[in-house]
There are 2 protein chains.
Amino acid sequence: MDIPARVTVLERVPLFKGLRPDELEAVAREAHERKLEKGEVLFRQGEDAAHSYVLGWGRLRLDQATPDGQNVVLRFMGPGDMVGTVAVLRRIPFPATPLAIEDCVILAWSAGRTAELMTRFPAIALNAVAVVGGRVEELQARLSEIATQRVERRIASTLLRMARQSGRRIEGGVEIPFAISRNDLAEMTATTLHTVSRTLAAWEQEGIVSGKRGSYLTIAQPHRLVEIAEQA
Amino acid sequence: MDIPARVTVLERVPLFKGLRPDELEAVAREAHERKLEKGEVLFRQGEDAAHSYVLGWGRLRLDQATPDGQNVVLRFMGPGDMVGTVAVLRRIPFPATPLAIEDCVILAWSAGRTAELMTRFPAIALNAVAVVGGRVEELQARLSEIATQRVERRIASTLLRMARQSGRRIEGGVEIPFAISRNDLAEMTATTLHTVSRTLAAWEQEGIVSGKRGSYLTIAQPHRLVEIAEQA
DNA sequence: CGGGGAAGTTGCGCCAGCGCAACGCTGTCG
DNA sequence: CGACAGCGTTGCGCTGGCGCAACTTCCCCG
């Protein structure tokens, strides 16, 4: 990717919102580039946070291993998302592992460079607070859900949230444009593969969602899902 | 509080770490001051985020109401914590309500002033990312816990986390220096008052924790609690 | 000092959903 | 093209801990 191409990518990244073209160019010049094939990891939980990243193309799933060896899916990330930036600024090891679920192109900056750019262009740092704040909000919402709601409602809320973040309108509903396994959903909603399977099977029966194995999940009747998510 | 007194407070606030004394003074000059009595709220969930705050003295409990009227305790906050800053920068309404559980003194800056100060002193913005990042980490940990662990382990983890954040060594163990009701604990661990009550009663029997109603909770045998939190 | 109310305790019964296990489907790799 | 591996489905039984309700204890306030 040459510099103008990078700028085109960075223009749409929330982290760099409000920067002038020449500033974006300066940021772009400092970046390294990295490609990741589906199935590879960008880094591993526990590693030293030497670089921060911005996802240019592709999708990542952010996994966190618990001390006792279980796995929790923290979030899915798409183009424009920042990765690892917080760990870099906090000078702590990466707290999770981003796994490529599609081929990805990623821009990287060293830890020192990251801090330096944010100091030089404070707007980046302000944007970073906003982005990370958004994650706090999402996590708080999930926490509330898990704390107070039944499994069925949590699955509904999770699907709606993913649709809102990454969904595409297509004929016949809203499509979530990457493969999510039942197990992924289970690990996002704090339940088991089995319960997710049963729930989705029921919803497919009723025509609320559809999507064969491997292909993308489509929410055919979002309003029905909203009803389920909101019912007392 | 005069300006030097404010500077003394701000010196110990993580958000302002690394600022020079003259910079701290500039920040202090821009602040408004606000007192809050026990039982009052600083602002209400849903209100427009017109100011950001730093807690000088006292303690707050941050509550979030769910759409269906339940309540979740997001966190307890103590001296030096920042409050509302994220909502200000994201230009969204406050997502939760901070309730004073002790008398508090709070410094406040208007939304515009907050952004301006962060731009003038980018170190503040970098610190803010780190602080908010810490919250993300804590929320992720709680999410993992709730998703994968039994109630007993979650309560143990929560108590240990609070002890780590605010605990005081005293003779006979570690004391959590503010009143936590069983209900608070229930709302933090995604369980019910009843289950918390039973669990703590059992632990008091075994001498792991102690603390009468109203007084502060003391963890007499932290290592036992760690065992419970870590056992498979 | 006595009455009211909030917070905490405890017993009991029930059920959502977990855990296990067996089976089915589908893509893929030799 | 056959067999394997990974993912998903489904049935079944069990149980953690929730929900309800009755009761106790403590604290505050008049």
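Numbered from 1 within each chain, the chains take letters A, B, ... in sequence-line order.
Between B/Q149 and A/E204, the residue whose closest nucleotide on DNA chain D is further toward the 5' end is A/E204. Mapping A/H194 and A/A190 onto DNA chain C by nearest heavy atom places A/A190 closer to the 5' end of the strand.
Rounded to whole Å, the distance from CG on A/L185 to P on D/dT9 is 11 Å. Rounded to an integer number of Å, the gap from CG of B/L200 to P of C/dT9 is 7 Å. The distance between atom CZ of A/R150 and atom P of D/dG19, rounded to the nearest whole Å, is 7 Å. Atoms CZ (A/R154) and P (C/dA16) sit 14 Å apart, rounded to a whole Å.
With ring centers used as reference points, A/Y216 lies 6.0 Å or more from A/F178.
Under the 3.5 Å distance criterion, the side-chain polar atoms of A/S52 are left unmatched by any main-chain donor or acceptor of A/G84.
The B/S181 side chain lies nearest to C/dG8 when the options are C/dG8, C/dG17, D/dC7.
For A/R182, a side-chain nitrogen or oxygen approaches OP1 or OP2 of D/dT9 to under 4.0 Å. Remark: B/T195 is not in phosphate contact with D/dG16, judged by side-chain N or O atoms under 4.0 Å from OP1 or OP2. Contact check, B/T192 against D/dG17: no side-chain N or O comes under 4.0 Å of OP1 or OP2.
Residue A/R198 places a side-chain atom within donor-acceptor reach of the base of D/dG11, judged by atom type and a 3.5 Å distance cut-off alone.
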Check: Can you list the steps and then say if A/M82 with A/V131 is a side-chain contact (heavy atoms from CB on, under 4.5 Å)?
Finding: CA-CA 9 Å; A/M82 55 185 245; A/V131 169; 3.8 Å; yes

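If one axis is set at each end of the helix from C/dC1-D/dG30 to C/dG30-D/dC1 from five pairs, those axes are 40° apart, to 10°.
For the pair A/T85 and A/W109, the minimum side-chain heavy-atom distance is 4.5 Å or more.
Counted by atom type alone, A/E138 and A/Q165 present one or more donor-acceptor pairs between their side chains at under 3.5 Å. A donor and an acceptor atom, one from each side chain of B/Q64 and A/S144, are located under 3.5 Å apart.
Separating the OG1 atom in A/T148 from the CG atom in A/L143 is a distance of 9.5 Å, to the nearest 0.5 Å.
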